[in-house]
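This report refers to the structure that appears directly beneath it.
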Amino acid sequence: MKHTPPTPARWAAFQALQRVRSGELADRAFERAAEGLDRRARAWALELLLGTLRLQGRIDHLLTHVVRPGLDRLEPAVLDVLRLGAYQLLAMDSVPAYAAISQSVELVRAAGAPRAAGLVNGVLRTLSREAGRLPFPDPVADPVGHLSTWGSHPRWLLERWLRRWPLAEVQALVEANNRRPELYVVPLGLTAEEARQRLAAAGIEAEPSVLYERVLHVRPPAVAADVLAVLPAVVQDPGAALVAPYAAPPAGARVFDLCAAPGGKSLALADRGAQVVAADVAPVRVRKLRQNVERVGWADRVRVLVADGRQPPFPFGCADLVLLDVPCTGTGTLRRHPDARWRLQPEDLERLPRLQAALLEAAAPLVRAGGWLVYSTCSLEPEENEMQIERFLAAHPEFAPDPSDEPAVRPWLDERGFLVLRPQRSGVDGAFAARLRRCP
C-alpha cells in the first residue's frame, strides 16, 4: 500500500518538537526545522509547534485517558506525533479531523515508527470523538490539578504562585499565558505615526499600543519579516519596550549593555540618543546582535563585542549608565516562549539568582558617580527581582533607587519605584526593572 508523506509543515513542526525535547530552545529549533518552507507553511507550522507546547499539559491529560499503555510507555517520537495530532484536533479549527488523523499516521511512519501507526490512528480517532466528555480536575475542589491540566502549567510553578497571589489572580495569569502572543514592534529613527503610515502604504495594519505609544501593535496576517522589510524597527513586547524609557539615559550618554543579545534594548537606547556598547557572552548570540544592528544601519551608534558581563573589559567609573538585562527564568514570557514552562525546574531559582548577583557585582564599579545602573528581567519571581535588588542595595549603600519620571512608565511603578508588569494585570509580557543611581 502506497502511503502519502506528511506535509512539509507538519514534518517541520515534528522535527522542531523533537529538538525541543532534547533541550533546544523552541525558536532556534524551529528556525532550523522550517528552513525552506514558504511563508504560509511556515506560519502554520509555527502555530502547530507553539500551540502544542502551550497546551501540552491539557493534551497529555486527555491522552492519558485514551492511551492504554500509558504515556510513559510510548516511544518519545510517538508521543510527539500524538501531541501534534491532538493539538490539531483540539485547537486548529481549519484542520478537518480526518486530515489531522491521517497525517499523524503518516507522520509516525515517516518518523521511523511504522508499528505505531495503528495506535496513533486509534488514539486520535477516540480523542476526536471523546475529548469533550473526558474529565478534568474540579477547579474549586482541586485548583492546582485543574490549572496544571486544563491550564497546562507545571504544578510546582502553580503552587509557588499560589503562595504569593490569590487563586483568581493565578487563574488570570494562566489564562494570559495560554493566549497566542501578538506582534509588536518599536520603530527606530521614526515616530510611531510615521512608521504606521509606512506600514499602511505597504498594506500592513498597525496601531499604537495602549500601554506605550512608541510600540506599534501589528495586525495579522502580517508577520515580523513583513514589518522589518518596510521600516527600521525591533520586534519587542510593550513590557520589554518600557525598559528604555524607564532607563531614560540622557542624550549622548555612554551606555554599557552587558547582556545585550539580541539587541532590542540596545537599539532602543540608541534611538534615545545614547552611545551604546553592546556585549554578550555567547558568540552565536553576538552574531544575531550584530545582524540586528547592521540591519538598521546603526553600527555608528551601537558597538558590538563578545564579553562576559561577570568580567567586563571596561575601566571603572566610565559609564553614564549600565544596563543589565540579565538571564532569568522568563516566567513573565511563558505565552511567547511556551517551551520554557516545561524546561524550567525549581533549582533554576537557585542557580540564576547567583548568576544575576555576580553580574550586578561586576557592573556596579563601571558606573560613574551620579550615573545609573538599570537591572531588568522578564521574570515574575521575587528572588530574581525585588529580593535581588534589596540584597544589592544592602551591600551597596552608594546606590539608591531613582526611577524615571517619564509618563509612560508611571502607571507601572511600585512603591519603591521599580518597574513591575504582570501579564494578568497588564495584558502584555511580564517585566521588572530597577533604576539605581550612584551617589554623586
Side-chain angles (χ1 to χ4, degrees), residues 23-28 153-154 156-158 160-161 164-165 173 176-177 181 235-244 246-247 256-266 268 278-282 285 288-289 308-310 312 322-364 373-393 412 414 416 418-426 428-436:
E24 196 168 341
L25 298 179
D27 54 353
R28 296 179 194 172
H153 279 62
W156 73 268
L157 193 55
L158 293 166
R160 175 185 176 80
W161 288 343
R164 292 169 52 205
W165 296 316
L173 175 56
N177 288 344
V235 176
Q236 198 169 58
D237 183 87
L242 280 173
V243 173
Y246 180 73
F256 295 160
D257 185 351
L258 298 185
C259 305
K265 293 183 176 68
S266 292
D280 205 278
V281 68
R285 289 172 56 80
K288 181 66 173 176
L289 167 59
D308 188 337
R310 293 167 296 184
V322 174
L323 173 63
L324 276 179
D325 187 39
V326 295
C328 68
T329 56
T331 52
T333 61
L334 295 184
R335 66 172 182 159
R336 202 166 297 279
H337 304 291
D339 53 314
R341 67 182 78 179
W342 312 117
R343 188 174 60 251
L344 287 174
Q345 299 298 324
E347 52 266 29
D348 290 324
L349 280 160
E350 299 176 2
R351 176 181 60 85
L352 285 166
R354 288 196 297 269
L355 172 60
Q356 295 154 3
L359 288 164
L360 274 166
E361 290 297 324
L373 173 59
V374 177
Y375 172 92
S376 69
T377 77
C378 56
S379 171
L380 306 178
E381 312 313 313
E383 294 94 327
E384 301 181 276
N385 295 339
E386 296 88 350
M387 291 170 61
Q388 190 70 263
I389 296 303
E390 289 163 4
R391 182 210 60 79
F392 175 81
L393 291 174
W412 307 105
D414 71 4
R416 292 157 293 189
F418 301 155
L419 181 73
V420 180
L421 290 101
R422 294 173 181 151
Q424 68 269 34
R425 298 179 185 177
S426 67
V428 299
D429 288 354
F432 172 89
R435 186 178 190 252
L436 312 175

Taking only residues two or more places apart in sequence, or in another chain, which ones meet Glu386 in a salt bridge (charged side-chain N to carboxylate O under 4.0 Å, His left out)? none
Regarding Asp27 and His337, do their side chains bring together a donor and an acceptor under 3.5 Å, going by distance alone? no
Measuring only between side-chain heavy atoms, which start at C-beta, is Gln236 closer than 4.5 Å to Lys265? yes
Side-chain (Asn385) to main-chain (Ser379) donor-acceptor, under 3.5 angstrom: yes
Taking every non-hydrogen atom, the tightest pair across Cys259 and Asp280: C-OD2, 3.5 Å
Can you list the residues that meet the salt bridge (charged side-chain N to carboxylate O under 4.0 Å, His left out) rule with Arg435, with sequence neighbours excluded? Asp402
Sub-4.5 Å side-chain heavy-atom contact between Leu324 and Val374: no
Close side-chain approach of Leu373 and Leu360, heavy atoms under 4.5 Å: yes
Arg164: salt bridge (charged side-chain N to carboxylate O under 4.0 Å, His left out) partners, not counting sequence neighbours: Glu381
Considering residues at least two apart in sequence or located in another chain, which fulfil the ring-ring contact (aromatic ring centres under 6.0 Å, His included) criterion with Phe256? Phe314
Nearest 0.5 Å, please: how far is CG in Leu419 from CH2 in Trp412? 9.5 Å
Return yes if a side-chain donor-acceptor contact under 3.5 Å exists between Ser266 and Asp257, otherwise no. yes
Would you indicate whether the side-chain heavy atoms of Trp161 and Leu173 approach each other to under 4.5 Å? yes
Audit row: Arg160, Glu383, salt bridge (charged side-chain N to carboxylate O under 4.0 Å, His left out) steps and yes/no: CA-CA 12 Å; Arg160 175 185 176 80; Glu383 294 94 327; 2.3 Å; yes
Any donor and acceptor pair, going by atom type alone, linking the side chain of Thr331 with main-chain N or O of Leu380 inside 3.5 Å? yes
Going by heavy atoms in the side chains, are Leu421 and Asp429 under 4.5 Å from each other? no
Glu390 vs Arg416, salt bridge (charged side-chain N to carboxylate O under 4.0 Å, His left out): CA-CA, chis, key distance, verdict: CA-CA 10 Å; Glu390 289 163 4; Arg416 292 157 293 189; 2.9 Å; yes
Closest approach of Trp165 to Arg422 (non-hydrogen atoms, all atoms of both residues): CZ2-NE, 3.6 Å
Identify the two heavy atoms, one from Asp348 and one from Arg351, that lie closest to each other, and give their separation to 0.1 Å. OD1-NH2, 3.0 Å
So, Ser376 and Asp325: side-chain donor and acceptor under 3.5 Å apart, yes or no? yes
Which atom of Leu323 lies closest to which atom of Val243, heavy atoms considered: CD1-CG1, 4.3 Å
Can you list everything that forms a salt bridge (charged side-chain N to carboxylate O under 4.0 Å, His left out) with Asp237? Sequence neighbours excluded, please. Arg335, Arg336
Compare every heavy atom of Pro353 with every heavy atom of Gln388, then report the nearest pair and how far apart it is. NE2-O, 3.1 Å
Rounded to the nearest 0.5 Å, what separates atom CG in Asp308 from atom CG in Leu359? 7.5 Å
Where do Gly239 and Val428 come nearest, in terms of heavy atoms and distance? N-CG2, 3.9 Å
Using a 4.5 Å cut-off on heavy atoms from C-beta on, say whether the side chain of Glu24 contacts that of Asp339. no
Within the distance-only criterion (no hydrogens, no angle test), does the side chain of Gln356 pair as donor or acceptor with the backbone N or O of Pro327 below 3.5 angstrom? yes
Any donor and acceptor pair, going by atom type alone, linking the side chain of Arg341 with main-chain N or O of Leu334 inside 3.5 Å? yes
Glu384 side chain vs Leu349 backbone, donor-acceptor pair below 3.5 Å: no
Hits for ring-ring contact (aromatic ring centres under 6.0 Å, His included) against Phe418, two or more places apart or cross-chain, chain-then-number order -> Phe432
Does atom CZ of Arg425 have more than 12 heavy-atom neighbours, drawn from other residues, nucleotides or ligands, at distances under 6.0 Å? yes
